[in-house]
K.L.:
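Can you keep this structure in mind? I'll have questions shortly.
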There are 2 protein chains.
Amino acid sequence: MRAIEVVQAFWRCMASNDFASVETVLSPNFVLEWPQSRERIRGPARFVQMNQEYPAHGPWRFTLNRLVGNDCEAVSDVSVTDGVQVGRAVSFFTVAADRIDCIVEFWPEPFAAPTNRAHLVEAMHEAIE
Amino acid sequence: MRAIEVVQAFWRCMASNDFASVETVLSPNFVLEWPQSRERIRGPARFVQMNQEYPAHGPWRFTLNRLVGNDCEAVSDVSVTDGVQVGRAVSFFTVAADRIDCIVEFWPEPFAAPTNRAHLVEAMHEAIE
């Protein structure tokens, strides 16, 4: 499988909310890094547990806004919500032998449009989530 | 050229701090979107002007942390600093005929590691910038 197909399978597993199923697409040496908080999770089991324990108001829904990749790498832009909490994840995947070895993931937050460039921009009506 | 080569050329032009030079890799219909602030910039001229006018303490330096792509799309992870301000840009590029048609760009900010998953993570020593 190409990396983008493995990543599509990853997000299908996440969307099932059966987070144990995600292990089927993770390498035994799987590592996830969040550079913004300088956190790293090692191993599929901890990743599954983190998702199972994450405080949620309901089932998580994932919207795959975009997926770019080649044979061994892919990047997804995904909107996430549990009906109350909303977020947007940009995730860099490294894939080998149909398994995800590594994710480097960013969680950009909304910010106010700077006034000093207002003369150069227009408003987008698309919501972040 | 493949998309990643065009994006490499884009970041070389940015690194020159001669922002007018960036026009050489932009399509006449170039559009940049920042979903976090719901801002959109239309046209190479406004993009050049925005970069020229952006308040800076010195020349901008750009570090290309990662570049993933295929023939027509690419995603870069770039650290940016003027020696005082620091930032990290994750940018989705759409390329056609050796020119960049569209950038959708995210600026993730540092956040504190959540305490409720501390038992599952380790600290990364890599800085965000």
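Any value given below was found using the heavy atoms of this structure, including those in side chains, with hydrogens, waters and symmetry copies removed. Just so we're on the same page: letters track the sequence lines, and every chain starts at 1.
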K.L.:
Do A:Asp101 and A:Thr94 get their side chains close enough for a donor-acceptor pair, meaning under 3.5 Å?
P.N.:
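Checked: A:Asp101/A:Thr94 side chains show no N/O donor-acceptor pair below 3.5 Å.
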K.L.:
Where does A:Ala118 contact chain B at under 4.5 Å (heavy atoms): side chain, backbone, both or neither?
P.N.:
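Nothing of A:Ala118, per the 4.5 Å heavy-atom cut-off to chain B.
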K.L.:
Give the C-alpha distance, both sets of side-chain angles, the deciding distance and a yes or no for ring pair (Phe, Tyr, Trp, His ring centres under 6.0 Å) between B:Phe47 and B:Phe30.
P.N.:
CA-CA 9 Å; B:Phe47 178 75; B:Phe30 172 74; 5.3 Å; yes
K.L.:
Looking at A:Gly69, A:Ala123, A:Pro55, which one has more heavy-atom pairs under 4.5 Å with chain B than the rest?
P.N.:
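Highest number of pairs under 4.5 Å: A:Gly69.
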K.L.:
I'd like to know which of A:Arg42, A:Met50, A:Arg117 tops the heavy-atom pair count under 4.5 Å against chain B.
P.N.:
A:Arg117
K.L.:
Let me know if A:Glu122 has heavy atoms under 4.5 Å from chain B in its side chain, its backbone, both or neither.
P.N.:
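Contact with chain B involves both backbone and side-chain atoms of A:Glu122.
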K.L.:
Decide if atom CZ of A:Arg46 counts as having more than 12 heavy atoms of other residues, nucleotides or ligands within a radius under 6.0 Å.
P.N.:
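It does not: A:Arg46 CZ has 12 such atoms or fewer within range.
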K.L.:
Between B:Glu53 and chain A, with a heavy-atom cut-off of 4.5 Å, which part of the residue counts as in contact: side chain, backbone, both or neither?
P.N.:
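Contact with chain A: side chain only.
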K.L.:
Run the side chain to side chain donor-acceptor pair (under 3.5 Å) check on A:Glu105 and A:Trp34 step by step: do they pass?
P.N.:
CA-CA 5 Å; A:Glu105 189 165 83; A:Trp34 288 303; 3.1 Å; yes
K.L.:
SG of B:Cys102 to CG of B:Leu26: how many Å apart, nearest 0.5 Å?
P.N.:
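Separation between the atoms: 11.5 Å.
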K.L.:
Which of these, B:Asn17, B:Thr81, B:Asp82, sits in a side-chain contact (heavy atoms from CB on, under 4.5 Å) with B:Pro59?
P.N.:
B:Asn17
K.L.:
Name the region of A:Pro114, side chain, backbone, both or neither, that has any atom closer than 4.5 Å to a heavy atom of chain B.
P.N.:
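Backbone plus side chain of A:Pro114, per the 4.5 Å heavy-atom cut-off to chain B.
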K.L.:
Where on B:Ala45 is there a heavy atom nearer than 4.5 Å to chain A: the side chain, the backbone, both, or neither?
P.N.:
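No part of B:Ala45 comes within 4.5 Å of chain A.
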K.L.:
Side chain, backbone, both or neither: which part of A:Tyr54 has an atom under 4.5 Å from a heavy atom of chain B?
P.N.:
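Side chain only.
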K.L.:
If I measure from the heavy atoms of chain A, does B:Ala112 come under 4.5 Å with its side chain, its backbone, both, or neither?
P.N.:
backbone
K.L.:
Do you know which of A:Asn70, A:Leu32, A:Val75 has the most heavy-atom pairs under 4.5 Å to chain B?
P.N.:
A:Val75
K.L.:
Check A:Ser21 against A:Ser16 and note the closest heavy-atom contact, atom names and distance.
P.N.:
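Minimum heavy-atom separation between A:Ser21 and A:Ser16: OG-OG, 3.5 Å.
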